[in-house]
2 protein chains.
Amino acid sequence: MPDSSPLPPPEAGGPGRAANRSLSVTDQIRDAILDGTVSAGERINEVRFSKTLEVSRTPVRAALQALAGEGLLDYAPNRGFTVREFPLSAIVDAYEIRASLEGVAARFAAERGLSAEERAIIEESLVAGDKLLARGEFAEGDLTIYRGINGDFHDTLLGAARNRMLAEMIRICHHVPMSSSRNIVAFEHRDVRRRHDDHHRIYDAIMAREPWRAEVLMREHVSGVKSSLVKSLIERGEQADIVNGSAAG
Amino acid sequence: MPDSSPLPPPEAGGPGRAANRSLSVTDQIRDAILDGTVSAGERINEVRFSKTLEVSRTPVRAALQALAGEGLLDYAPNRGFTVREFPLSAIVDAYEIRASLEGVAARFAAERGLSAEERAIIEESLVAGDKLLARGEFAEGDLTIYRGINGDFHDTLLGAARNRMLAEMIRICHHVPMSSSRNIVAFEHRDVRRRHDDHHRIYDAIMAREPWRAEVLMREHVSGVKSSLVKSLIERGEQADIVNGSAAG
DNA sequence: CCGCAGCAAAGTGAATACAATTCAATCCGA
DNA sequence: TCGGATTGAATTGTATTCACTTTGCTGCGG
C-alpha cells in the first residue's frame, strides 16, 4: 500500500469529466495515440502506463481492450497490445468506407425524416457557413470555426439516421488518424465553398425526401474530401504511390 | 483459495481451442447471447457468469468489454453491461449497411485483384454451387452445404479487399442476430439459384477489373437477401410495420 | 565463431481482496 | 397513506498478489 489515505482520486487528466477511471484512462491513452505521443507499431507496456497515469493495471487493461474494440490497437494473446499502424492506403480506404456509410446515413435520414431540432441545427450550420464564406476569403481562426460547423452538420445528420451501429462505425472511421471530419483537408477557400454547397444540396435532397439522391450526394461529398487529401499529399511530394488505383477517381 | 492444485484449467467449454481464458469466455458468452441463452435487454451479472463458467471475474470482465466493442453489449458506468436489443428495424438496417460495406469490399477486390489461391477458392465455390443446384431441388442437408459455399465466397472476397477495418465492420454486421451470411433466408430453390447466379456475375465483374460494376452487383446481391428476409417475415405474418419504407426496395 | 540449451528478468493473465457506488427495502415524518 | 431519507445488501470499480508465458541473455558445446 503506497498511500495511507483510502482513495485520493488521481484526477490528473484535467477536469474530472469521465465517470470512472477506466473511461478517463481510455480517453488519455486514445489522445496519446492520436497525437503521436506513442508511435504507431509500438508495443504498449501495461505497467509503464499504469505508473505514468498513476493508476493500477486494471483500468489500464480495461482501456486497452476498449481501444482495441475501437480499432486503434491490436491484441495478441500473451503478448499484449500494439498501436495499430495506418499506412496511407488504409487512411484513403477509410474515407471510402466512411463515404459509403455516411451515404447510407443520409439515405436513412431522408427516409425517416428530421426532427424540428435537427432541422434547426442543420439550417443554422448552413446559414453560419454561408456567412463565414460570404467575404470571399478566410480570416485567422475561420477554419477552426468551420470545423465546428462541418461537424454539426455531419453529426446531426448521423443522428437523424437513427441507427446506432451505423453511428459507431462512422465514429471508428473518424478515429483513423487524419480521417476525422474535423480535419478539413482543403484549406483553399474555393474548396471549402464547394464542400459547403454540397451540404446545401444534401439537405435539399433530404428535405425533398429523395433518399437515393441524398445518398449519392453524400457519398460524393465525402469522397471528394478524400480526393482533396490525396491531391494535396501528392502536391506536397509525399509518397503517393502507396495510394491505390482509385485515388484519382 | 478454493482448490489445492495450482491451476487446473477449467476448459469446460469444450476442446481447449482459445489461447487464454478471456478469449474462451468471450466465445462462450457470445454464443450464449446469440443463441438466446441470455435474453435481449437483460442485465449481465458478472459474479453469476464467473460462477457459471468457473472462472474469476477478471476474464469475464475482459470478455464483456470485448463484446461491447463488437456491439453486442451496452455499457453504462457503475451499472455494468446489458445485452443490446435488436429490433427488426435494426436487423433490416444491418443488411443495408452490410450491403454497402460488401459493395465497397467487392470494389476494392476488383481494384486490387485476387491472388491465385483466392481465385481457386472462389471458383471452387462457384462450381460446387452449380453442382448442388443442378438437380433442380434440394435434398436433406443441401442447404447446410450451401451455407458453407456461400460463406467461402463472401469471406474470400472480403479478404481480397485487403482492408482490415472493412472486414471487422462486416464481421460486426454478421453478428447481428439473423443477419449472418450463414443464414440463408431464402429456402426456395429458385431464390438460391438466383443468389448463386449473382455470385457468378460478381466474380466476372471482379475478374474483368470493373470495380464499379462489382460494387453495384454485390450491393444489390446483399440487398436482395434483405428483401427476401422482409418478404418471408411479412408472409409469416410477423409485425412488418416496424420495417421502414425501403423494405420493398 | 556459430548455435542452442537453460536461466533470469520482464510482462501478461487470472484470482482475490478491498473500496465505492447503486439499488431496494424499510423506517420515519408529514 | 404517501413521500423521502436511511441503511444495508448486492454489484461494479480498483488495487494487489500470484501464476504463467514470453523473451533475451549468458554460457556451454560443437
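Order of the sequence lines fixes the chain letters, A, B, ..., with proteins taken first and strands second; residue numbering starts at 1 for each chain. This one's a predicted model, so the numbers in the text were calculated from it and none came from an experiment.
A salt bridge is absent between B:E102 and B:K226: the closest approach of a Lys/Arg side-chain nitrogen to an acidic carboxylate oxygen does not fall below 4.0 angstrom. B:E118 has a carboxylate O that lies under 4.0 Å from a charged side-chain N of B:R162, or vice versa, which qualifies the two as a salt bridge.
Place A:S22 and A:P77 on DNA chain D by their nearest nucleotides, and A:S22 ends up nearer the 5' end. Each of A:N78 and B:I44 has a nearest nucleotide on DNA chain D; the 5'-most of these lies closest to B:I44.
No engagement by B:L23 is indicated, since no non-hydrogen atom pair under 4.0 Å with the nucleic acid exists. The residue B:L64 sits apart from the nucleic acid: no heavy atom pair falls under 4.0 Å. Residue contacts for B:F81: at a heavy-atom cut-off of 4.0 Å it reaches no nucleic acid atom on any strand shown.
For the pair B:R61 CZ and C:dG13 C1', the computed distance is 15 Å after rounding to whole Å. Straight-line distance from the CZ atom of A:R21 to the P atom of D:dG13: 13 Å, rounded to whole Å. The distance between atom NZ of A:K51 and atom P of D:dA15, rounded to the nearest whole Å, is 15 Å. Rounded to whole Å, the distance from CZ on B:F49 to P on D:dT11 is 14 Å. Atom OH of B:Y75 is separated from atom P of D:dT11 by 17 Å (rounded to the nearest Å). Counting to the nearest Å, the P atom of D:dT21 and the CZ atom of A:R79 are 13 Å from each other. Rounded to a whole Å, the CG atom of B:N20 is 15 Å from the C1' atom of C:dA15. To the nearest angstrom, C1' of D:dT12 lies 17 Å from CG of B:D74.
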Criterion side-chain hydrogen bond (donor to acceptor under 3.5 Å, both in side chains) on A:Q28 and A:S24, from CA distance to verdict: CA-CA 6 Å; A:Q28 294 183 59; A:S24 166; 3.1 Å; yes
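A:R57 contributes a side-chain N or O that forms a donor-acceptor pair with the base of C:dG13 under 3.5 Å. The base of C:dA14 is not paired with the side chain of B:S56 by any donor and acceptor separated by under 3.5 Å.
Among C:dG11, C:dA15, D:dT12, the nucleotide with an atom closest to any side-chain atom of A:N45 is C:dG11. Among the nucleotides D:dT12, D:dT14, C:dT12, the one closest to the side chain of B:R43 is D:dT12.
Less than 6.0 angstrom separates the ring centroid of A:H221 from the ring centroid of A:H154.
The backbone N or O of B:L23 sits less than 3.5 Å from a side-chain atom of B:N20, completing a donor-acceptor pair.
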